[in-house]
Amino acid sequence: MMNTESFSHLWRSTWAICRKDIKLYYAKGPIVVTGVLFPLFLWGAFYIGRGLEPREGLASLITLTIFFTSSSVTPIIAPWETRQRTLEMLLSRPVKVTTILIGDILASTIFGLIFTLPIVLYSIVLGAALSNVLTAIVIITVTVIGFSALGVLFSALPTDTPADVVLLSSAVKLPLVFVSGVLVPLTQLPTWALSIAAASPLTYPTDLLRRLYTGDAFFPESVDIVMLMIFTIMFTVGALKLHEKTLSARLQRR
Amino acid sequence: MSTIEAVDLHKRFGSIPAVNGVSFKVKEGEIFGFLGPNGAGKTTTIRILTGILKPDSGEARIMGYDVHKDPVKARMLTGVVPEEANPYPDLSAWDNLMLVGYLYGLSKHAAGERAARLLKLLDLYEVRGRKARSLSKGMRQKLLVAMALIGEPKVLFLDEPTSGLDVLSARKIRSLILDLKNNGVTILLTTHNVEEAGELCDRISIINGGQIVETGSPDDLMIKSGLYTYISVKFDRPVDPEDAAQFFKDWEHRVQGSRILLICKESAEPVVRVVEYAKARSLSIIDIHTSPPNLEDVFVKIIGG
């Protein structure tokens, strides 16, 4: 059982990594462009001018914002720090790789939540009230954690070139957006596309949030919740395990 | 109990054995040098001992803690200046130190107090607000040393701590290393500066091709190497070459005018014989100079250069 001292050490370490990430990577202008403007334009391109009620697209906008903010920075931290030779400096301190990665996920989660909040507030201004605010908070938080972990999972690629990981994450992320019922509602997707949508982590938070905004959803609520949890756990555990496995190869890069 | 213990460490990268059966023990308060040419396995051994890399087989222990089973406990006792590491270039010297302080579980107050003390000790206090990228190489290296010391470690791993430093900064680090030793800190030091190792280390292991090829104190290594000492003597007048050859027949020698050069494996007895030779022939010794092998010669001989 973990004693108070080791818990306090674990928390201080995780929080220190998180603050370092926010200072070095998140408080930058270009990140705002990637995380906010890109999903906004993507969403606008699909929804504006189609005569839809604002509330119908809000679930998609929130999911897209979470997806592009939470998974935009985490993929580059590990390769960048390998290149800068700061990763080895961190690893030689009394912290586990998992603590460093959880710190990275925490920073990304805070960043994702900060950028999602204005959209939720804006939706209230539009009169598109959520039927259950507490559930929405839980769904958004779990989704942000899951997509942050997805970013960390990409960064397990043992390279010291951030562009390698950006290429990989873009190759996965962009197709996911088009097959997940985010831009085209699941009810309008052909049958063959539905089976692909069912395998996408974006499908379920979008469906859950759509239910909260409009009362309509494609999957039963329990399926959405279970699948969201499965993806979040899978990304988190996968990221932590894969990083431990590729660490040796990563350090050989320097 | 040994403070640092490496037991039959093996590590391969693909088909290349980087470390191949390395074992040694370092006692408390000892400075242990780890010398070897580039690619000999020094940094890989240190990465294993500091828990960054897992060995394929073997054990690494710090004050009894298995580095890979209890990595956090072992590293809480350890400070490291890794060879291939940098402070965060976009964080200030102060923020870099505080970050590491928090990783050691220190409170803001304790980390701040120690950071200020170390920055003053290493002449970095005035530049504490500057980003690490704007510091000189010497300042960055001293910052890395400060980051290694903020946890007040019992064991210190210094991988090339004076590499690229100017004379004054290098001297400052060497003096600090000796102060730490006097305070009971156990230090494992790798350096390419063989003379520095000879000056600082109680014992030295020489590693080559992933294996330790020799271990001992600097004096032991010189004796074990079997290298020669050169004794050059100048008298007040020329000597008889045949007489000198007969007198110094036990050692290889050269006679040239008033000068004799002896080549021998130890210096005490030949020097006594030189004095006897001079007395018996009423010669005055104008100059006598002995050149023992230096540690660099020993290193080159041992690694087969």
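Scope of the values below: all heavy atoms of this structure, side chains included, with no hydrogens, waters or symmetry mates. Sequence lines set the chain letters: A, B, ... in the order given, protein chains first and strands last, and positions in each chain run from 1.
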In this structure, are over 12 heavy atoms from other groups packed under 6.0 Å from B:Lys54 atom NZ?
no
Is there a donor in the side chain of B:Thr43 and an acceptor in the side chain of B:Glu83, or the other way round, less than 3.5 Å apart?
yes
Using non-hydrogen atoms and a 4.5 Å limit, figure out which bit of B:Thr78 sits close to chain A: side chain, backbone, both or neither.
neither
When you check the gap from the basic side-chain N to the acidic O, do B:Asp123 and B:Lys172 get nearer than 4.0 Å?
yes
B:Ile16 atom CD1, over 12 foreign heavy atoms within 6.0 Å:
no
At a 4.5 Å cut-off on heavy atoms, which part of B:Leu103 comes close to chain A: side chain, backbone, both, or neither?
both
May I ask you to check whether B:Phe24 and B:Phe34 place their ring centres under 6.0 Å from each other?
yes
Decide yes or no for A:Asp164 and A:Leu168: does some side-chain heavy atom of the first lie under 4.5 Å from some side-chain heavy atom of the second?
no
The interface call for B:Leu106 against chain A, heavy-atom contacts under 4.5 Å, is backbone
Does this structure show an ion pair linking B:Arg117 with B:Glu152, if we count only N-O contacts that are shorter than 4.0 Å?
yes
Counting only heavy atoms closer than 4.5 Å, note whether B:Lys11 contacts chain A via side chain, backbone, both or neither.
side chain
Quick one: which of B:Tyr102, B:Tyr88, B:Phe13 has the most heavy-atom pairs under 4.5 Å with chain A, could you say?
B:Tyr88
Go through the atoms of A:Leu247 and report whether side chain, backbone, both or neither lie under 4.5 Å from a heavy atom of chain B.
side chain
Ranking B:Leu91, B:Thr50, B:Asn96 by heavy-atom pairs under 4.5 Å to chain A gives rank one to B:Leu91
I'd like to know if B:Asp90 and B:Arg133 make a salt bridge, using a cut-off of under 4.0 Å between side-chain N and carboxylate O.
yes
I need the residue from B:Ser107, B:Ala74, B:Ala18, B:Pro71 with the largest number of non-hydrogen atom pairs under 4.5 Å to chain A.
B:Ser107
Comparing B:Ile52, B:Asp95, B:Val81, B:Thr44 against chain A, the one with the most heavy-atom pairs below 4.5 Å turns out to be B:Ile52
Under 4.5 Å heavy-atom distance to chain A, tell me which part of B:Met147 shows up: side chain, backbone, both or neither.
both
Give, as side chain, backbone, both or neither, the part of B:Val100 having an atom under 4.5 angstrom from any heavy atom of chain A.
side chain
Pair count under 4.5 Å, heavy atoms only, with chain B: among A:Thr14, A:Leu90, A:Leu87, highest is A:Leu90
